There are 2 protein chains.
Amino acid sequence: MVKAPNAPRRRESSRLAVLTATRELCEENGYGRLTIEAIAARAGVSKMTIYRWWPSKGAVVLDLIDEAAAVTADPPDTGDLAADLHTQLSEVINLLTPQPTSPVTGVITEAQYDPDLARALRERLIEPRIAKFKDRLRRAQEQGQLPVDADFDVALDLLFGPIYHRLALHLGMPDPDYLDTLITHVLRALNPPPHRLDGAATA
Amino acid sequence: MVKAPNAPRRRESSRLAVLTATRELCEENGYGRLTIEAIAARAGVSKMTIYRWWPSKGAVVLDLIDEAAAVTADPPDTGDLAADLHTQLSEVINLLTPQPTSPVTGVITEAQYDPDLARALRERLIEPRIAKFKDRLRRAQEQGQLPVDADFDVALDLLFGPIYHRLALHLGMPDPDYLDTLITHVLRALNPPPHRLDGAATA
DNA sequence: CTCGAATCGATACGGTACGTATCGTCCATC
DNA sequence: GATGGACGATACGTACCGTATCGATTCGAG
């Protein structure tokens, strides 16, 4: 998927066997214990076959995510912004947990010290989803659920930030009720009251 | 610092040499290339000496942070909540960047697949700082800069979340102006307008 | 339908870093 | 001044890495 040694002669069965073995081993032993040699053994495939088509372990898992996460590609749009945000955030939490065996968390971690993987992660997974998320906000805006000058970058940071904050520092993921509380706060932040100064309640 | 083989007979000079070498190598080559063997060589210390006193590479770096980050222990309190939050968030960003050579980012990454390290990180670094952060919010509350029913957990998530969100997904750290925008939004979220429903601007 | 090219599985290789074990030395305490 | 433990040095076996080589197979072009 990343580099092309030659060909459409690539054997699809091997590719699938690799991705399947990767998924299974990740579930069984966690991303941390995942090795290319173990993937090759489980897939009944030569190590060379993996190295020929993927530049790193992370790239394999990224492909795995790509195929599996097509289902979660588009953010929901029922017309109820708050409810749709709740749905989408829950899905992201599901993708990132359980932390030790989540391929997505694994790739995010691995990308910390692999610039190539970081770029691929951002370009292939993150940025397209950010774009679609902002599209969803834009539609909400058109329906009057968000003010015309709402800052979508801030919305992105405030809504998804807590999840990654808790992921990074092992603080436990938000439960559905707390997710509601978060969304309520963020929507409040994006809807400035008509005649009031920022920041201070009484000062 | 984590387990005690026996003694106050521990040689302080070796301990310092290890921490110094760790800091230097982390700066030079990045946390990703840091190895215990390299630390031992640079510190002029036997590998055994490191393994005797630290359970893992991450534990060494965690000790390094512990000593160095005492300066950033207490959140600032000038009486201006928004300004103090800006200061504190900037300091956190400085601790986490540059990403490849930051010991803190390194430990956070390593802790993803090392439960013991994750626990030590949380108990020794994160939770004490969270407690002090909430103390600061409590003082702001007493001074009327936050409503009496402000949700401190939400404040924590919304203020620090964006930093870790951007760290994890390589989206670039907030600049000072954007930090202002974020803080303004969060303070607005925490200060509900007196007579208005949540969520919808016009709906 | 044949032929050739390129992928494939298998295997071996050198390299790095891990974590452990051993041993003589040095130092601190008693 | 003796004793015990930390220390430096060194060697060891293991695990994976990433690369190289080599028939066999299989697919596609002609």
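These numbers come from the heavy atoms of this one structure, side chains and all, not from hydrogens, waters or symmetry mates. Computed from a predicted structure; not experimentally measured. Chain A is the first sequence line, chain B the second, and so forth, proteins listed ahead of strands; every chain is numbered from 1.
A straight line from CD of Glu37(A) to P of dA12(C) spans 13 Å, rounded to a whole angstrom. Atom CG of Leu34(A) is separated from atom C1' of dC17(D) by 14 Å (rounded to the nearest Å). Rounding to whole angstrom units, CD1 of residue Ile50(B) and C1' of dT20(C) are separated by 15 Å. For the pair Ile39(A) CD1 and dA15(D) P, the interatomic distance rounds to 18 Å; values are reported in whole Å. Regarding Met48(B), its CE atom lies at a distance of 14 Å from the P atom of dC23(C), rounded to whole Å. When rounded to the nearest whole Å, the span between CH2 of Trp54(A) and P of dC17(D) equals 15 Å. What separates OH of Tyr51(A) from P of dA20(D) is a distance of 13 Å, to the nearest Å. dG19(C) atom P lies 10 Å from atom CG of Asp114(B), rounded to whole Å.
Both tests hold for Arg10(B) against Trp53(B): distance to the six-membered ring centre under 6.0 Å, angle to the ring axis within 45°.
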### Task
Check step by step if side chain to side chain donor-acceptor pair (under 3.5 Å) holds for Glu110(B) and Tyr31(B).
CA-CA 10 Å; Glu110(B) 188 115 346; Tyr31(B) 185 92; 3.1 Å; yes
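Comparing Arg11(A) and Ala38(B) against DNA chain C, the residue whose closest nucleotide sits nearer the 5' end is Arg11(A). Residue order along DNA chain D, read from the 5' end via each residue's closest nucleotide, puts Ile36(A) first among Ile36(A) and Ser46(A). DNA chain D is contacted by both Arg33(A) and Ser14(B); Ser14(B) maps to the nucleotide lying nearer its 5′ end (nearest heavy atom per residue).
For Trp53(B), taking side-chain heavy atoms from C-beta onward, the closest of the listed nucleotides dC8(C), dA6(D), dC17(D) is dA6(D). Here the nucleotide nearest the side chain of Lys47(B), chosen from dG9(C), dC18(C), dC7(D), is dC18(C). Counting only heavy atoms from C-beta on, Arg10(B) has its side chain closest to dC7(D) among dC7(D), dT21(D), dA9(D).
On a pure distance criterion of 3.5 Å, no polar donor-acceptor pair joins the side chain of Thr35(B) and the base of dA17(C). Between the base of dC27(D) and the side chain of Arg9(A) there is a donor-acceptor pair shorter than 3.5 Å. Under 3.5 Å, the side chain of Arg52(B) and the base of dA6(D) form no donor-acceptor pair of N or O atoms.
Inter-residue side-chain proximity for Leu179(A) and Ser90(A) is flagged as met; some heavy-atom pair is nearer than 4.5 Å. Side chains of Ser56(B) and Asp116(B) form no contact here, defined as non-hydrogen atoms less than 4.5 Å apart.
Below 30°, between 30° and 60°, or above 60°: for Phe160(B) and Phe133(B) the angle between ring planes is above 60°, a perpendicular geometry.
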